[in-house]
Amino acid sequence: MSLHLEATVADRDVDVSLDIADGEVVAILGPNGAGKSTVLAAIAGVLRPDAGRGVLGDDVLFDIGAGTWQPAYARGTALLAQDPLLFPHLDAVDNVAFGPRSAGRTRAQSRATAMTWLAEVDAAELARRKPSDLSGGQAQRIAVARALAAEPRLLLLDEPMAALDITVVPAMRQVLKRVLAGRSAIIVTHDVLDALLLADRVVVMEGGRIVEEGPTKEVLERPRSTFGAGIAGLNLMRGRSVGTAVCTASGSLVSGLSDESLPEDTDAVAVFSPSAVGVYVEPPAGSPRNVFASTIRELEPRGAQVRVRTDELSADVTLPVVAELDLVPGKQVFLVVKASEVTIYPA
Ligand SMILES: Nc1ncnc2c1ncn2[C@@H]1O[C@H](COP(=O)(O)OP(=O)(O)OP(=O)(O)O)[C@@H](O)[C@H]1O
């Protein structure tokens, strides 16, 4: 079911406008404190925004201006968090049967529905187990079944795999992929793989605002936000367009190639891969290339390569280069990238 949301939560400095199409799975990515969980809480009805409205299908979930507020239980949304929050005294099948039972089904009908959903999440054999006898991954699968058994019109998943042992995450991802197909759902995640495998579209939040959104593949290929570039493993420099270059706020001019028309003096980004960046300890003389004086913040081993991070940029170099140039945190270096390696497009 489609969702239209506008919500302002003043004391958390969150202000968003978001639309989800019927049957669409949207991933919300963003750094800690960006406001991702706040958005889910506003939709689920566990947090009252200061302003805005939410409409699910034709149903007004809330309209603060008009004084409309549907309580959480009446919204037809299901919120699944990191913690499965199963009822400890009920076994798995009764946990899952809880939704249908509350909706007025008979005990037998509710159990039959619950068994169907348990099978759907590969947990039929766990039906008689109490939550205390389940592993984290098993409990989370039961929680997914419980959420689905309530037949939500919109499923809200808040980092559903964050608390799981890394070894069970791939299986859980497969279960989610299967049950999310064709559903309207929002998944908050830190893992770009979830966005790639589970979502049709990704929304990136930073500082309580949506800073970019689009098909996941497109955002990863052509990020427009710093966070988007970070998850795509790319460098991004933001500024104003000057010909086929970007002039940053600090006055650096980044030359590149532009494959779409770029109006003069508009917001633009210059994006390039860390593997295209060379590291020098002396400024390269007479070079037509982009040169940025920077200080090394950290060195991160990545297989045969080492990622050299400065405040703004990253460069991938080999181990012998690190040794030869004596690269250490705090050292002043010059990062160099050819214009032909830099893509420039509107921000
Ligand atoms: N219960 C709360 N009371 C007051 N402020 C809160 C509360 N929960 C979160 N905040 C604040 O609201 C802002 C958004 O937080 P939110 O939890 O929505 O972000 P998030 O993107 O989900 O972060 P994370 O990835 O760390 O879960 C942050 O500034 C946070 O400190």
Side-chain angles (χ1 to χ4, degrees), residues 3-20 24-54 56 61-62 64 69-73 75 77-85 136-137 139-140 143-144 147 152 154-166 169 172-173 176 180 184-214 216 219-220 223-233 236:
L3 173 81
H4 173 70
L5 174 77
E6 294 157 38
T8 305
V9 183
D11 66 350
R12 299 194 189 179
D13 190 23
V14 170
D15 187 5
V16 295
S17 170
L18 177 67
D19 282 283
I20 312 278
E24 187 182 35
V25 179
V26 168
I28 304 185
L29 295 173
N32 289 329
K36 307 180 295 293
S37 302
T38 300
V39 169
L40 292 198
I43 300 168
V46 294
L47 172 100
R48 187 186 289 262
D50 300 296
R53 62 198 295 266
L56 185 59
L61 301 180
F62 67 92
I64 303 298
W69 181 259
Q70 275 196 33
Y73 65 82
R75 291 196 173 194
T77 59
L79 177 62
L80 181 74
Q82 276 183 37
D83 187 333
L85 298 172
Q140 194 64 317
V144 170
L154 177 69
L155 188 59
L156 305 168
L157 305 162
D158 196 352
E159 299 194 41
M161 292 176 283
L164 299 185
D165 190 301
I166 196 159
V169 167
M172 184 66 189
R173 207 177 263 132
L176 286 180
L180 290 180
S184 305
I186 304 180
I187 176 165
V188 165
T189 176
H190 274 111
D191 193 334
V192 65
L193 207 52
D194 294 338
L196 260 178
L197 298 177
L198 303 176
D200 302 303
R201 190 156 60 92
V202 54
V203 164
V204 179
M205 286 189 71
E206 274 177 347
R209 307 289 182 278
I210 292 175
V211 290
E212 79 173 307
E213 57 187 300
T216 310
V219 169
L220 292 178
R224 288 176 157 83
S225 69
T226 309
F227 188 83
I231 54 175
L236 180 143

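Heads up: numbering here begins at 1 and tracks the sequence. Indexing begins at 1, ligand by ligand and atom by atom, following the structure's order.
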> How far apart are the C-alpha atoms of Val192 and Val202, what are their side-chain angles, what is the distance that settles it, and do they pass the side chain to side chain contact (heavy atoms under 4.5 Å, CB included) test?
Replying inline: CA-CA 9 Å; Val192 65; Val202 54; over 6 Å; no
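With sequence neighbours excluded, no residue forms a side chain to side chain donor-acceptor pair (under 3.5 Å) with Asp50.
Of all heavy-atom pairs spanning Leu157 and Leu40, the tightest one is O-CD1, 3.7 Å. A pairwise comparison of heavy atoms in Leu236 and Ser225 identifies CD1-O, 3.6 Å as the closest pair.
For the pair Asp158 and Lys36, the salt-bridge criterion is not met [side-chain N within less than 4.0 Å of a carboxylate O].
Closer than 4.0 angstrom to ligand 1 sit non-hydrogen atoms from Arg12, Pro31, Asn32, Gly33, Ala34, Gly35, Lys36, Ser37, Thr38, Glu159, His190.
Results of the side-chain contact (heavy atoms from CB on, under 4.5 Å) test with Ile20 over Val203, Leu56, Ile186, Ile43 single out Ile186 as the only residue that passes.
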